[in-house]
Amino acid sequence: MPVAKPESCDSRVIAHIDMDCFYVQVEQRKQPQLRGLPTAVVQYNEWKGGALIAVSYEARKFGVKRSMRGEEAKEVCPQIHLVQVPVARGKADLNGYRNAGSEVMSILARRGRCERASIDEVYLDLTDAAETMLAEAPPQHLEAIDEEALKSHILGLNNEDGSDVKEIVRNWIHRCHADHRDKLLACGILIVAELRMQVLKETEFTCSAGIAHNKMLAKLASGMNKPAQQTVVPFSSVQGLLNSLPIRKMKQLGGKLGMSLQIDMGVNTVGDLLQFSEEKLQERYGLNTGTWLWNIARGINGEAVEGRLLPKSHGSGKTFPGPRALKTVSAVQHWLNQLCEELSERLCSDLEQNKRIAHTLTLHARAYKSSDSDSEKKFPSKSCPLRYGTAKIQEDAFNLFQAGLREYIGLYGVKSQGSHYSRWGITSLSVSASKIVPIPSGTCSIVKYFHWQSSSHFSSIQSAENLRMDATHLSPPGNESYSEVGLPEPKIHFPGEDSWIEDTTPGLGLQEQKINVWKDEDLSCSPSKKKVDGFTEDTSPLLLSGTQGCLEQNQNKQQREFSKDESRFKSEYREQKGTRLKNKGTSSILKFFKSCNPSGTSLSQEHDRTVQGTDAQLTNGAGFQSSCHNLAELNEVEVAKENGTSSHSYIRDQDEWRREAWSYNINEIDPSVIDELPMEIQDEIQAWLRPRKRPNNIV
DNA sequence: ACGGATGCGACG
DNA sequence: TCGTCGCAT
Ligand SMILES: Nc1ccn([C@H]2C[C@H](O)[C@@H](COP(=O)(O)OP(=O)(O)OP(=O)(O)O)O2)c(=O)n1
Ligand SMILES: [Mg+2]
Ligand SMILES: [Mg+2]
């Protein structure tokens with residue numbers, strides 16, 4: 001499964017940092033009186049006290065475990081404090097934890113490349129920082145070693161046996177005879193200790209860390225001594241560590257693969273893997289996995305730490321177990337609306353804070369079918385272009401659901417829902433947004449070039465044509481092959497339920513309105529917005545809801561400044577196949593931004609991946625106040641213009657879609673702007689220009 | 001079918 | 001690509 005990479009002598013300094021009982025700490029920061037007490041975070045208190053998803057170390061002493069029920073926990077630890085996960089829109093709301101995780105990450109990213117590995121952990125590549133320290137201020141010459149560093153656990157050292165451990169650690173850090181790799185790890189110890197102290201000081205959270213020469217070992221080490229400790233894996237201790245390590249403890253081997261190794265191959269420890277040749281492992285588990293296993297057995301893991309602080313997707317979902325399964329279309333629609341509302345908020349936050357736009361909306365569902373106790377059938381996932389705006393997301397998600405449902409039902413006969421309404425039940429629903437790319441807004445001159453402009457409030461009602469058109473307006477690298485599931489199709493009739501749905505055939509506008517009305521009636525749980533006019537879908541400004549990292553806020557201010565500019569910039573991009581700019585690769589622009597954006601307070605790393613072939617067509621009303629709202633409208637406006645000026649046919653094949661999405665009209669770019677760009681960018685742009693003067697691909 | 005809500009990567 | 005699956009926190 002995991003991809004393998006080579007590297008004979010890997011001397012990188014990699015750290016893995018994992019927050020201690022993270023959700024608990026987040027709640028304890030909110031309620032400091034809970035600190036030091038046995039505490040757990042539960043979600044959905046109603047049933048058996050809710051399920052535990054995080055447990056404090058005090059509570060763990062009593063045997064309290066994750067996935068216990070609240071009531072169980074009370075049994076083994078009567079004094080335990082159970083804190084509920086916040087609920088919004090009838091579902092768990094994890095945003096507080098996400099934001100807390102972002103706080104931590106912005107600190108941990110200070111000393112080297114940082115990869116968000118989960119909501120509470122990151123990998124760091126500290127190689128450069130360690131090398132620099134070794135050259136400029138080697139630990140050997142330091143008189144005072146930080147106390148936190150002295151508390152490190154160094155695998156393979158004679159510690160844990162009584163004598164003065166800190167002295168031993170101090171000696172290990174200081175010693176001059178160490179080989180280069182150990183010296184680098186010694187630097188890693190100091191850097192990580194410092195980072196962890198900064199995290200504690202600035203967030204009040206403790207964390208634990210592993211420091212090693214690769215991600216696998218660092219991850220392994222971070223979990224060995226918790227909480228609030230750090231563990232180092234010198235090269236010399238690797239084999240000893242792995243030889244006795246149960247195979248399931250290795251990341252990626254905790255499931256079927258690990259079980260297969262154990263049962264089919266008799267591999268109980270990672271060391272047991274050494275007996276098998278790479279070919280043997282490949283033969284059984286495939287080329288990639290085979291090589292990966294062979295390497296893992298030897299402590300080799302060349303996977304790079306990706307520089308990515310932000311998630312690649314956003315999802316919102318809920319399960320409806322057993323008797324609670326959704327059995328009517330309107331119930332599904334209700335919950336889809338909730339999920340989409342949350343998703344839309346988070347997309348809006350992402351846009352504001354990180355200037356990123358998501359391009360694909362996906363709906364996942366699970367269903368059971370009690371027709372002939374043949375339950376457990378796969379409900380197909382469906383995706384479509386993502387249009388911003390809560391109501392649009394809701395509408396599109398609902399259409400995706402209907403498309404999935406038609407398929408799902410069709411698989412065993414469309415007829416059956418006629419007389420006795422469907423026998424299906426939806427046991428889980430989720431919507432997610434993916435293909436998230438930064439809005440290109442590179443150098444200062446480019447930023448100036450993009451005048452964020454105001455847009456008036458248009459109706460959000462869209463024609464079916466536009467619904468297709470705006471799909472690819474702002475597009476991620478190479479996508480745009482979308483099926484028609486996003487198109488409004490005749491609604492399925494479910495007699496006896498959802499009566500109003502049956503007469504929504506004519507237009508989206510009607511349906512939209514009805515949805516809103518329905519929402520208004522039955523959705524009192526949604527606090528912020530009460531005004532629903534048929535058009536403006538979501539008037540609650542997301543800006544107010546965020547407890548967002550202050551880091552990005554600065555950039556928002558910057559954008560607000562630009563947004564005051566009334567003038568308008570517009571360009572269309574046209575690009576030919578083959579000259580498409582890649583996210584990674586040899587783009588000079590990419591290199592340029594990489595070299596000039598080493599530090600920064602924003603979690604957004606847009607500059608590292610600028611020039612996605614998209615263009616900023618964003619406009620913005622009064623400041624940024626309604627930015628999210630306007631974005632959706634803007635898409636439509638631009639599309640409409642596009643239609644008018646270039647007379648596109650909206651019946652095009654996928655290839656045309658692709659070109660469309662990447663295309664722009666170079667003639668509308670002011671040449672003088674190019675002169676302001678750095679030379680290496682100018683070169684590249686000049687290279688684009690010539691081949692670009694070509695006839696259009698459009699009719 | 002009460003182990004929920006998310007998120008990532010690889011496969012075909 | 002999309003959709004499915006595995007694995008993870
Ligand atoms: N099955 C899981 C595992 C984790 N989490 C959430 C709650 C945790 O607090 C957070 C981090 O997961 P960890 O595995 O890192 O566990 P903790 O941080 O809670 O404890 P530890 O100190 O062992 O890392 O993710 C979750 O919701 N569901
Ligand atoms: Mg943790
Ligand atoms: Mg974790």
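Nothing here was measured: the structure is a model prediction, and the numbers come from that model. Proteins come first, then strands; the chains are lettered A, B, ... in the order of their sequence lines, and each starts at number 1. Computation of the quantities below employed the complete heavy-atom set of this structure, encompassing side-chain atoms and omitting hydrogens, waters and symmetry-equivalent molecules.
- Proximity of A:Ser118 to the phosphate of B:dT6: no side-chain N or O atom is located under 4.0 Å from OP1 or OP2.
- Distances shown here put every side-chain N or O of A:Arg366 at or beyond 4.0 Å from the OP1 or OP2 atom of C:dT4.
- Distance check, rounded to the nearest 0.5 Å: CG of A:Leu217 to CD1 of A:Ile211 gives 12.5 Å.
- Counting any heavy atom pair closer than 4.0 Å across all strands shown, A:Leu253 reaches sugar-phosphate atoms only and no base atom.
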task: Mind running side-chain contact (heavy atoms from CB on, under 4.5 Å) on A:His81 and A:Glu27 for me, showing each step along the way?
output: CA-CA 11 Å; A:His81 295 261; A:Glu27 298 301 335; over 6 Å; no

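- Comparing atom distances between the A:Asp120 side chain and each of B:dA5, C:dT9, C:dT4 picks out C:dT9 as nearest.
- Protein atom NZ of A:Lys215 is 13 Å distant from nucleotide atom P of B:dC8, rounded to whole Å.
- Regarding contacts with the backbone of B:dT6, every side-chain N or O of A:Ser430 stays at 4.0 angstrom or more from both OP1 and OP2.
- Residue-level contact check: A:Ser432 touches neither bases nor backbone, having no heavy atom under 4.0 Å from any strand.
- Nucleotide B:dA10 holds its P atom 9 Å from the CD atom of A:Gln252, rounded to whole Å.
- Heavy atoms of A:Arg98 sit under 4.0 angstrom from primed sugar atoms or phosphate atoms, though from no base atom.
- Which of C:dC5, B:dC2, C:dT1 sits closest to the side chain of A:Pro323 comes down to B:dC2.
- For B:dG9 and C:dT1, the C1' atoms lie 16 Å apart once the distance is rounded to whole Å.
- When the P atom is compared between C:dC5 and B:dA1, the two are found 14 Å apart, to the nearest whole Å.
- Among the nucleotides C:dT9, B:dA5, C:dC5, the one closest to the side chain of A:Gln43 is B:dA5.
- Taking the centre of each ring, A:Trp424 and A:Phe379 stay at or above the 6.0 Å mark.
- Of the candidates C:dT9, B:dT6, C:dC7, C:dT9 carries the atom nearest the A:Glu121 side chain, counting heavy atoms from C-beta on.
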Please output the side-chain donor-acceptor pairs of residues 14-25 of chain A that fall under 3.5 Å, not counting sequence neighbours, one pair per line with the distance.
from    : atom 1 : to       : atom 2 : distance (Å)
A:His16 : ND1    : A:Ser222 : OG     : 2.7
A:His16 : NE2    : A:Glu121 : OE2    : 2.9
A:Asp18 : OD1    : A:Lys226 : NZ     : 3.2
A:Asp20 : OD1    : A:Ser208 : OG     : 2.8
A:Asp20 : OD1    : A:Lys226 : NZ     : 2.8
A:Asp20 : OD2    : A:Thr206 : OG1    : 2.7
A:Asp20 : OD2    : A:Cys207 : N      : 3.3
A:Asp20 : OD2    : A:Ala228 : N      : 2.9
A:Gln25 : OE1    : A:Thr206 : N      : 2.8
A:Gln25 : NE2    : A:Asp20  : O      : 2.7
A:Gln25 : NE2    : A:Thr206 : O      : 2.8

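- Applying the 4.0 Å criterion to OP1 and OP2 of B:dC8, one finds that A:Arg116 has every side-chain N and O outside that range.
- When distances are taken from the side chain of A:Arg69 to each of B:dT6, C:dG6, B:dG3, the shortest belongs to B:dG3.
- In this model, the phosphate group of B:dA5 is approached by a side-chain N or O of A:Thr319 to a distance below 4.0 Å at OP1 or OP2.
- Here A:Ile119 lies out of heavy-atom contact (under 4.0 Å) with every strand.
- In this structure, A:Ile409 CD1 and A:Gln402 CD are separated by 10.0 Å, a value rounded to the nearest 0.5 Å.
- Mapping A:Trp47 and A:Glu115 onto DNA chain B via the closest heavy atom, the residue that lands nearer the 5' end is A:Trp47.
- Distance, A:Glu71 CD to B:dC2 P: 16 Å, rounded to whole Å.
- Comparing the same atom, C1', in C:dC7 and in B:dG3 gives a spacing of 15 Å after rounding to whole Å.
- Atoms NZ (A:Lys256) and C1' (B:dC11) sit 14 Å apart, rounded to a whole Å.
- When the C1' atom of B:dC8 is taken as reference, atom CD of A:Glu303 falls 12 Å away, rounded to whole Å.
- You'll find the ring centres of A:Phe401 and A:Tyr408 outside the 6.0 Å limit.
- Here the C1' atom of nucleotide C:dT9 and the CG atom of A:Asp20 are 14 Å apart, to the nearest Å.
- Using a 4.0 Å heavy-atom cutoff across all strands shown, A:Ser67 reaches no nucleic acid atom at all.
- Counting only heavy atoms from C-beta on, A:Arg308 has its side chain closest to B:dC8 among C:dT9, B:dT6, B:dC8.
- Nucleotide B:dC8 holds its P atom 14 Å from the NZ atom of A:Lys435, rounded to whole Å.
- Distance from the side chain of A:Leu94 is smallest for B:dT6 among the nucleotides B:dG4, B:dT6, C:dT4.
- In this model, the phosphate group of C:dT1 is not approached by any side-chain N or O of A:Lys382 to a distance below 4.0 Å at OP1 or OP2.
- Here the straight-line distance linking atom CG of A:Leu363 with atom OG of A:Ser381 works out to 7.5 Å at 0.5 Å rounding.
- One interatomic measurement links the two molecules: CG of A:Leu287 to P of B:dA10, which rounds to 14 Å at whole-angstrom precision.
- A donor atom on one side chain and an acceptor atom on the other are not found under 3.5 Å apart for A:Ser604 and A:Gln353.
- Applying the 4.0 Å criterion to OP1 and OP2 of B:dG9, one finds that A:Lys312 has a side-chain N or O inside that range.
- Of the candidates B:dG4, C:dG6, B:dG7, the closest approach to any side-chain atom of A:Tyr44 belongs to B:dG4.
- Note on A:Asn288: every side-chain N or O is 4.0 Å or more away from OP1 and OP2 of B:dG9.
- For the pair A:Arg324 and A:Pro311, nearest-nucleotide mapping onto DNA chain B gives the more 5' position to A:Arg324.
- Heavy atoms of A:Lys318 sit under 4.0 angstrom from primed sugar atoms or phosphate atoms, though from no base atom.
- Within the 4.0 Å cut-off from OP1 or OP2 of B:dT6, at least one side-chain nitrogen or oxygen of A:Lys91 is found.
- Between A:Lys219 and the phosphate of C:dT9, there is a side-chain N or O to OP1/OP2 separation shorter than 4.0 Å.
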